[in-house]
**Q** 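The structure follows.
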Amino acid sequence: MGGILVIAEHRKGDLLDVTWEILNKAAVVSESTGQRVTAVLAGFNVRAMAEKLAGRAHKVVVVDNPELANYNYEVYRDVLTGIIKNLRPVLILIGHTTTGMDLAPALAAHLNIPLATACIDFSIEDGKLTAIRQMYNGKVNARVCFSSSDCYMVTLRPGSFSVETENAWGGEIQSISLEVEKPSGIKFIRSVEAALGEVDITQADILVSVGQGIGDKKNLQLVEELAALLGGTLSCSRPVVDKKWLPKERQVGSSGKTVKPKVYLAIGISGSFQHLMGLKGGTIIAINKDPRAPIFRVADYGIVGDLFQVVPVLKEKIKSLK
Amino acid sequence: MVDTRTELIDRYDLTKCFQCAKCTAGCPVSLKSVLNIRRLMREVLLSPDLQGTFHKSEIWDCTTCQTCTLRCPRGLKPHELVINLRSLLVEEGEIPKTAIDALEGVYKHGNPWGRARSKRSEWSTGLNIKNLTEGDTAPLLFFNCCTTAYDPRVQEIGKALVTVLRTAGVDFGCLGNKESCCGSEVRRMGETGLFEMLSEDNLKLFQNSGVNEIVTVSPHCYNTFKNEYPEHSFGIKHYSQLVNSLINEGRLKFSRELNRKITYHDPCYLGKQNKVFDEPRNVINAIPGVTFIEFDRSRERSLCCEGGGGRMFIEASASGQRLAEIRARDAVEMGVDIIATSCPFCLLNLEDAVKTTGNEGKLVVRDILELVVDAL
Amino acid sequence: MPCDTALVIGGGIAGMQAALDIANAGFKVVLVEKSPSIGGRMLQFSEVFPTLDCPQCIGTPKMLEVGSHPNIQLIAYSEVESVTGTCGNFTVKIRQKSRFVDPSRCSACGECSKVCPVQVPDERNLGLSRRKAIYIPFAQAVPNIATIDPDYCLHLKGLKEGKDLCRLCQKGIPQKNLPGCEAKAIDFNIQNKIIEINVGVIIVAVGYDLFDARLKPEYGYGVYPGVITGMELERIDESGGPTLGKIVVNGKSPRNVVFIQCVGSRDKSVGVEYCSRVCCMYTAKQALYVKSKLPEAKVTVCYIDVRAFGKGYEQFYERVQEAGVIYRRGMVSEVYKEGDSLVVRAEDTLSGEIYEERADLVVLATGLRPSGDTVELARLLNIPVGADGFFLESHPKLGPVETAVDGIYLAGCCQGPKDIADTVIQAGAAASMACIKLAVTGKGTESA
Amino acid sequence: MDIIVFVKRVPDTSEADINISPDGLHIIEKDLVFDINESDKYAVEEAVQIKEKLGGSVTAITLGTDSSEDVLRRCLATGVDQAIRLTDEAFRDSDACGTARVLAAAVKDLKYDLILTGVQANDDLQSQVGPVLAEYLGLLHVTVVNKLEIDGKIARVHRELEGGVEDVLEVRLPAVLTIQTGINEPRYVSIMGIRKASRLEIKVRNAADLSLSPDGVGQKASQVKIEKLFIPVSNKATEILTGSLDEMTQKLAGIIKEKGGIS
């Protein structure tokens, strides 16, 4: 008994990056503690993913059942309860995704396991588990410890660890057939995806944002191509909307939308205060010809130069990095 | 709603309106907005459905420039009716999202930008300004204004005023992080309760600071302190008045020439509403080398920049040419190098307009204080 | 001792009518006029509504009659200095200003003006033309005597500094064959004099002033030459006026004329709450004559309400509209410039349209204000002034010409704005009240 | 429809500089501005909108000291009918489970068809209390709800997932739903409104009122404890890239990639 249990998460037949990230961290901890890593894969028709997981865990436990085709916490909670009671791991790791947020607290409460959510790291030293979690909009980190228990649970924020690994463990795959009860009161109806053409810049991780400096609507193509290259979304400052070069839904700023991307590439945006008010967090990169443009006061990185010179070259550099 | 309507009719003397339309005709947004201030006066008087009357997005188009009120031959106050209708929306909670952000920003942090109160005085780091809330004393209080405190462009104006006051040997202090929004825009967005709160808080600060006189950067602060705060005995001055008298008293002398063609944009809150027309012009004309050219539409006929009435925080329902753009184009046509003004909102809107009209490089927008500092 | 002479203050149409009525009843009248000639405002008009008569044609005979009536003593270029006594026995001091011209010698030949080198804005033409420092106000002036304007005359100004300057009017310019005053009427030594008279009754007929359009800065009066007042248009329209009757602004015939009503009337923002009563009709008249002189021009009248209350007025208003003048309900709020032309911004409240009308001539229908002499005169006569600033009648209905002081009566616009017809009626009424009083006090009985 | 909505008073830390108290376990609250937790605000608005549509009542409950009453007054001004504040020295420093236990005890005797709260509290960022509470009450839960329709005894909800995907679910009521920001447009609550609401009563309940044993809650019962708070190191000095156009763009492309900007 014992070991580290990693709950694998997948969508549309693909394992999420966060699962690989957690497995990587688990492998490191496994090395220092000797705890074996078991991945749990629950779903329907997930065999192919199990194969992949096997390379990264000592063991893969697979529950393949039509009732698990769509995530339903009632069902997942009960299935995982069974597995956990059976395997009695010392540590359960789950991604702090919307699913993890939904499942982990219920599971932990159900099993009375101490749970720390939204962690970015954890360690086991001298048999003692401590975790680092974010608080206060990520401005403060907390090191947390746990009261003594046979088992602990930690949810880890996506992006906390690297996805890449050199491990190739070739763990065993164990299929478990369980009696899976139908959910009692939650019915999955369907999944919907945001309609095409509907842009929500508030949800974008990468924003290529363009300002007055673009000069004309016809020049937008240049930045649209850059955004496409980066897999990002095009946004803009107010003057661009005022000139009807881009629709209002693309506007960042106090009268537009508040965004919190990972990367914000401000091109030809002087960085009026009103614009910056809509910008919360993320790495800000500015390209502007005016070295005194206020955008440079808030940017993490900047290039002082004419966007029409910089952007085409930048596009080539990015292509070469892909 | 009948009672509210009766109240409005009494409060704004709506029965006296003879529908001459001087208000609509002078309204800077009437050509591009559905907002028809004359009709609004009538609708409130007659409409059985008051809800339908004020639940209109154009109610937020008004810039509260007050032209309607100042020119009303019947002495009525149409712009105050608009503010009151907004306050009904505020009570219902149904106001534009950006207005909510601004008002909550003021409530929580003391400024409409929602910036941290603890950073209010950051703009003056290193300037060693006396803090009148922390034991320093001075006869004059320099009221910063939220825009000066937080907007990087306008911060330069605050710094310029510090330079000017020091050059003239004026002893002054600030309220540091304890200063709160003057409430002018808050009141105009219809948040009467919050305005009262702010005016009480600020007046208490003024009283405890031991000053006799207050100088403001923004005409909006100036106007509300002077005309809207509960009765007080502080002398309220806009900086243009103070700087003008410093020049007249010989305490401020220029050593450099400014060989530029300059026009001046009258802020509504300073000019139209408070008749401070001459002092800013005197200051500009006192600068050696300046060639001063008037806008055709100046003084009482000055064009509003559309920055008042909470419009810095609310997107207008009306599209169409921005008035500040008309200003920028006129200035280019006049062949001036600089549009000078004396209000942070005007400055920001005009600067924006210079860009959006593609006139960057042809002319710049400067605050009078910046011109003064350049010529010291 | 009761006196059977009446004093009429003011020689406009009200004062002239009252003086003639009293004189024709057989009583003596002293008529005091402030300016060099009687005639008043009416004689400045080009045409009068609704009949479109020429005011000179109907006014000049009255002036001549006043000037020659055996019962009327005309003291022009004079002002009342003090008044004491009571009804039936007022003592009035009148200060007669020096014209520096001997009336008994002056033949009104005009040679003096020809040689005078000083150009002065002509008040009769509201500064639209110039007169000389020595001048006769207009050809039909009564009395027809030259007057030297001491504010401008080089010699009189020089005297103050002990210098003997100019005197061309006396000397002439022989080399140009301009003789100057050959009648030797010019006498720089003539002094102002005080005339003391005894009168039984007084009629106040000092008229009105026009609202100063500069107080409404939004209209750009004084800034744009294309923005003028109604009175200025009267002068421009008059065949004897500065443009000889051609409607010309900035040297061009306007193609688009906008009239703005109620400038300085019904307007609390300038402290004038009352309606000036005449502007609707004088504007209608002006719009009509502009339209008839410039048939191609677009003529628009912006108004709040059209008040066409008098006999034949409504019909006149209709006639003006028939002639093609466009009436748009809604006040103009602003006049500004766009390129070379003026822009008038207004709302048509009947259509709800907010419009910017390009215009090359904007005419402001300035309202009527109490005469600037009202306050001082009220003090001298000890009679009350109403809240509107005009002399207060003793009862708004039953005492429309009487004042609070027995024996002092009001005639014309000094009591409140009114048109010519009403002015003449009131003048007649005031004369009649004066005659009654003189008749009664003349018999030595106490007041009627 | 009777609805209970849980709210929390949290500091606004979006811009403020945060300092840690000498004990290393708390942040220094002086100079911080407190307000209702963002997603709780949406939960309150949602509750009030449902009540306005379907009738019933809304009860807002918070756990906190008397300074939390501001938040409840704001709820009352929004249209909440009843406000309850749970407070006891014993509740101090409860972990998520402890908090959920207190809340569970508080609703035990109340009538309700639906319990709402925000997705997460912006101070501790745990997003645990909703689902844990549901477990304790034996109710179902749905987290990250960004659309909600009540249909009799069923709630039809959208659950927001990553990448613009949403699951549409039907859940039997009563249930605990955690509400995501953006589900509605919270109305503005005016100062006048708050002043009026300040005349309304806020009920206060302590551990004894809730028949809670102090052992089950508070710091002592916490399974997860903060050992130490610290400020993560960050360097926010703007780095202006230099060199030739080629060099600058090369560097920049590398930075973009490093920051996760190339996908």
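Chain identifiers are assigned alphabetically (A, B, ...) following the order of the sequence lines, protein sequences preceding nucleic acid strands; residue numbering begins at 1 within each chain. The model shown is predicted, which means the values in this text are computed figures rather than measured ones.
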**Q** Less than 4.5 Å to any heavy atom of chain A: does that hold for the side chain of D/Thr178, its backbone, both, or neither?
**A**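 Looking at D/Thr178, nothing touches chain A.
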**Q** Between A/Thr117, A/Asp102, A/Leu16, who has the most heavy-atom pairs with chain D when the cutoff is under 4.5 Å?
**A**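 Between A/Thr117, A/Asp102, A/Leu16, the count favours A/Asp102.
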**Q** At a heavy-atom distance under 4.5 Å, which candidate from A/Leu115, A/Val310, A/Thr97, A/Asp205 has the highest pair count against chain D?
**A**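 So the answer, after comparing A/Leu115, A/Val310, A/Thr97, A/Asp205, is A/Leu115.
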**Q** What residue in A/Glu316, A/His96, A/Arg133 has the most heavy-atom pairs under 4.5 Å with chain D?
**A**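 Most heavy-atom pairs under 4.5 Å with chain D: A/Arg133.
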**Q** Check whether A/Ile132 gets within reach of chain D through its side chain, its backbone, both or neither, counting any heavy atom under 4.5 Å.
**A**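 For A/Ile132, the contact with chain D is made by the side chain alone.
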**Q** As a quick check of understanding, evaluate side-chain contact (heavy atoms from CB on, under 4.5 Å) for D/Glu135 and A/Arg77, giving each step before the final call.
**A** CA-CA 11 Å; D/Glu135 286 297 319; A/Arg77 178 193 61 194; 2.5 Å; yes
**Q** Is it the side chain or the backbone of D/Leu32 that comes within 4.5 Å of chain A heavy atoms, both, or neither?
**A**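 No part of D/Leu32 comes within 4.5 Å of chain A.
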**Q** Taking side chain as everything from C-beta outward and backbone as N, CA, C, O, which of these in D/Ile18 sits under 4.5 Å from a heavy atom of chain A? Side chain, backbone, both or neither.
**A**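 Only the side chain of D/Ile18 comes within 4.5 Å of chain A.
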**Q** Kindly determine whether D/Glu170 and A/Ile189 satisfy side-chain contact (heavy atoms from CB on, under 4.5 Å), including the steps that lead there.
**A** CA-CA 7 Å; D/Glu170 283 180 359; A/Ile189 307 295; 3.7 Å; yes
**Q** Against chain D, label A/Phe146 side chain, backbone, both or neither, depending on which of its atoms sit under 4.5 Å from a heavy atom there.
**A**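 For A/Phe146, backbone and side chain are both near chain D.
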**Q** Measuring heavy-atom distances to chain A, does D/Val142 have an atom under 4.5 Å in its side chain, in its backbone, in both, or in neither?
**A**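 Interface part for D/Val142: both.
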**Q** Nearest heavy-atom pair of D/Thr143 and D/Pro131: which atoms, and what distance?
**A**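 Looking at all heavy atoms of both residues, the shortest contact is CG2-CG, 3.8 Å.
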**Q** D/Asp246 versus chain A, heavy atoms under 4.5 Å apart: side chain, backbone, both or neither?
**A**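 Its backbone and side chain both get close to chain A.
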**Q** So for atom NZ, which belongs to D/Lys225, do other residues, nucleotides or ligands contribute more than 12 heavy atoms lying within a distance under 6.0 Å?
**A**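 Yes.
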**Q** Taking atom CD of A/Glu181 as the centre, report whether more than 12 heavy atoms of other residues, nucleotides or ligands fall under 6.0 Å from it.
**A**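 Result for CD/A/Glu181: open.
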**Q** For chain D, which candidate among A/Gly305, A/Ala108, A/Ser184 shows the most heavy-atom pairs at distances under 4.5 Å?
**A**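 Top count of heavy-atom pairs under 4.5 Å with chain D: A/Ser184.
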**Q** Of the listed residues (A/Asn112, A/Leu207, A/Thr202, A/Val304), which shares the most heavy-atom pairs with chain D below a 4.5 Å separation?
**A**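 Most heavy-atom pairs under 4.5 Å with chain D: A/Asn112.
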**Q** Where on A/Leu103 is there a heavy atom nearer than 4.5 Å to chain D: the side chain, the backbone, both, or neither?
**A**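 Contact with chain D: none, neither part.
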**Q** Side chain from CB out, backbone as N, CA, C, O: work out which of these in D/Arg156 comes under 4.5 Å of a heavy atom of chain A, or both, or neither.
**A**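 Neither; nothing under 4.5 Å.
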**Q** Considering only heavy atoms and a distance below 4.5 Å, find which of A/Ala104, A/Gly302, A/Ala109, A/Ala116 pairs most often with chain D.
**A**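 Max contact count across the listed options: A/Gly302.
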**Q** Counting only non-hydrogen atoms closer than 4.5 Å, does D/His141 touch chain A with its backbone (N, CA, C, O), its side chain (CB onward), both, or neither?
**A**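 The answer is both parts of D/His141.
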**Q** Begin from the C-alpha positions of D/Thr181 and D/Glu38 and carry the test side chain to side chain donor-acceptor pair (under 3.5 Å) through to its verdict.
**A** CA-CA 7 Å; D/Thr181 55; D/Glu38 183 76 357; 6.0 Å; no
